[in-house]
J.: 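My questions all concern the structure below.
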Amino acid sequence: MARKLVAANWKMNGSVSGNAELAARVVEGVASLASEVVLCVPFPYLVQVGSLLEHSRIGLGAQDLSEHEAGAYTGEVSAAMLKDVGCSHVVVGHSERRKYHGESDAVVLAKVRRAQAAGLVPIVCVGESREQREAGDTERVVLGQLEAVFGGLDDAAARRLVLAYEPIWAIGTGLAATPEMAQAVHASIRGALRARVGDEADDLPLLYGGSVNADNAQALFAMPDIDGALVGGASLDAEAFVSICIAVSGR
Ligand code: 13P
């Protein structure tokens, strides 16, 4: 059975005082669970949240990284820096990066390689727009994004990915994919992964993201190929986020 993982993506939210309370409540709420939990927070708060998570079982993640190794790239943050401040994970290729910052599949691959070279686990996001879904293009788009990453990795590296299916139309809309819709895409992703890394594909966590909340988490996690979630809005509410972590553990 695949590893279970719930990752919070705080996006551009947080404050020093608010983070302290939110992280403390999450640490307490998930202390006895067996599943993996990661908080992906804005760059300025990595050190603060990292220290709040010390001695907890929760991992620290960033939301992006530079495709470059080091040097004259004003405003960029390298994989080595993320590792240096205690990150274990980093989100790569989120649709908001692809859309607002023009990140191509090639850039996503470059970032995945940088992350892995520094010892970080990339959480790679794929997903279709509403127009693409309505045109019947979901599988082609999602598998194409996936192949663009697989194509540049050797087998060992392909086994060190966490994949997140995030349909763009479900992000921040309150309109999550139905468990059946998400499962259909997850099954395709699992198939592609199996073709690439063999039976080990069954151990790798496939996350669903897009309006996951305390009410719909359980039904999503009941699907055979949905092993966890990448949670945006609901991760800012400790009670809701802890409920989602409990739902994945109790499956
Ligand atoms: P929401 O949970 O707010 O829809 O965001 C999902 C997401 O983009 C997580 O990366």
Side-chain angles (χ1 to χ4, degrees), residues 4-14 18 22 26 30 35-43 45-46 49 58-65 82 87-101 103 108 111-112 115 120-130 132-133 138 141-142 145-146 149 161-179 181-182 185-186 189 205-221 223 226-248:
K4 295 172 187 174
L5 167 64
V6 176
N9 177 2
W10 287 5
K11 306 195 179 184
M12 200 169 70
N13 295 289
L22 178 54
V26 173
V30 307
S35 55
E36 266 182 271
V37 179
V38 177
L39 303 186
C40 300
V41 311
F43 292 136
Y45 300 130
L46 284 170
V49 174
I58 304 179
L60 181 67
Q63 299 170 15
D64 184 34
L65 78 164
L82 298 180
C87 287
S88 53
H89 292 71
V90 58
V91 176
V92 182
H94 193 282
S95 59
E96 288 153 15
R97 301 290 320 168
R98 294 182 193 255
K99 178 173 173 193
Y100 302 127
H101 303 274
E103 280 191 16
V108 172
K111 291 184 173 192
V112 166
L120 299 165
V121 176
I123 301 173
V124 181
C125 302
V126 296
E128 83 287 2
S129 66
R130 174 173 300 287
Q132 289 165 331
R133 174 163 282 269
T138 299
V141 169
V142 167
Q145 290 171 336
L146 206 56
V149 172
L161 296 175
V162 170
L163 300 174
Y165 168 55
E166 295 210 312
I168 296 168
W169 48 269
I171 295 176
T173 58
L175 200 78
T178 64
M181 282 161 100
V185 179
H186 279 232
I189 294 174
L206 302 187
L207 313 185
Y208 167 78
S211 298
V212 176
N213 59 40
D215 297 326
N216 62 21
Q218 203 155 10
L220 286 161
F221 299 149
M223 294 290 127
I226 302 181
D227 310 310
L230 183 53
V231 186
S235 73
L236 302 173
D237 175 335
E239 200 179 324
F241 185 68
V242 168
S243 297
I244 295 166
C245 296
I246 291 171
V248 85

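No experiment lies behind these values; they were computed from the predicted model shown. Note that ligands are numbered from 1 as they come in the structure, with each ligand's atoms numbered from 1 the same way. The first residue of the sequence shown is numbered 1, and numbering continues consecutively from there.
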J.: Do Asn13 side-chain atoms and Gly232 backbone N/O form a donor-acceptor pair below 3.5 Å?
T.: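 No, the answer is negative, given that no donor and acceptor are paired below the 3.5 Å cut-off.
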J.: Say whether Asn9, considering both its backbone and side-chain N or O atoms, lies within less than 3.5 Å of an N or O atom on ligand 1.
T.: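 Yes; at least one N/O pair falls below 3.5 Å.
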J.: Got a sec, which residues hit side chain to side chain contact (heavy atoms under 4.5 Å, CB included) with Ile58, two or more places apart in sequence or on another chain?
T.: Val26, Val27, Val30, Val37, Leu39, Leu53, Ser56
J.: What protein heavy atom is closest to atom 9 (C) of ligand 1, reported as residue, atom name and distance in Å?
T.: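 Checked against all protein heavy atoms, atom 9 (C) of ligand 1 sits closest to Glu166 OE2, 2.8 Å.
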J.: Is there side-chain contact between Arg130 and Leu175, with at least one heavy-atom pair below 4.5 Å?
T.: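 In contact.
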J.: At under 4.0 Å between heavy atoms, is it the side chain or the backbone of Ile171 that contacts ligand 1, or both, or neither?
T.: both
J.: For His94, counting its heavy atoms only, list the atoms of ligand 1 lying under 4.0 Å from any of them.
T.: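 Counting from 1, the qualifying ligand atoms are 7 (C), 8 (O), 9 (C), 10 (O).
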J.: If you count the atoms of ligand 1 from 1 in the order shown, which ones are under 4.0 Å from a heavy atom of Gly172?
T.: 1 (P), 3 (O), 4 (O)
J.: Return yes when Ala170 approaches ligand 1 closer than 4.0 angstrom through a heavy atom, no otherwise.
T.: yes
J.: Can you find a side-chain donor-acceptor pair between Gln63 and His94 that sits under 3.5 Å?
T.: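 No donor-acceptor contact under 3.5 Å links the two side chains.
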J.: How far is atom 5 (O) of ligand 1 from its nearest protein heavy atom, and which residue and atom name does that atom have?
T.: Lys11 NZ, 3.2 Å
J.: Please say whether Gly232 places an N or O atom under 3.5 Å from an N or O atom belonging to ligand 1.
T.: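 Among all N and O atoms of Gly232, at least one is under 3.5 Å from an N or O of ligand 1.
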J.: Below 30° counts as parallel, above 60° as perpendicular, anything between as tilted: where do the rings of His186 and Tyr208 land?
T.: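 Rings of His186 and Tyr208: tilted, 30 to 60°.
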J.: Report the residues that fulfil ring-ring contact (aromatic ring centres under 6.0 Å, His included) with Phe241, sequence neighbours left out, ordered by chain and then residue number.
T.: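 Scan of Phe241 (ring-ring contact (aromatic ring centres under 6.0 Å, His included), adjacent residues dropped) gives none.
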J.: Check each atom of ligand 1 against the heavy atoms of Gly210 and keep those under 4.0 Å away; list them by number with element.
T.: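 Near Gly210, meaning under 4.0 Å from one of its heavy atoms, ligand 1 has 4 (O), 6 (C).
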J.: Just need the protein heavy atom nearest to atom 3 (O) of ligand 1, so name the residue and atom and give the distance.
T.: Gly233 N, 2.8 Å
J.: So is Ala234 in contact with ligand 1, going by heavy-atom distances below 4.0 Å?
T.: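 It does not, in that no heavy atom of Ala234 comes within the 4.0 Å cut-off of ligand 1.
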J.: Are Val149 and Gln145 side-chain neighbours, meaning at least one heavy-atom pair lies under 4.5 Å?
T.: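 Not in contact.
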J.: Does atom CD of Gln218 have more than 12 heavy-atom neighbours from other groups under 6.0 Å away?
T.: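 Atom CD in Gln218 is not packed in, count stays at 12 or less.
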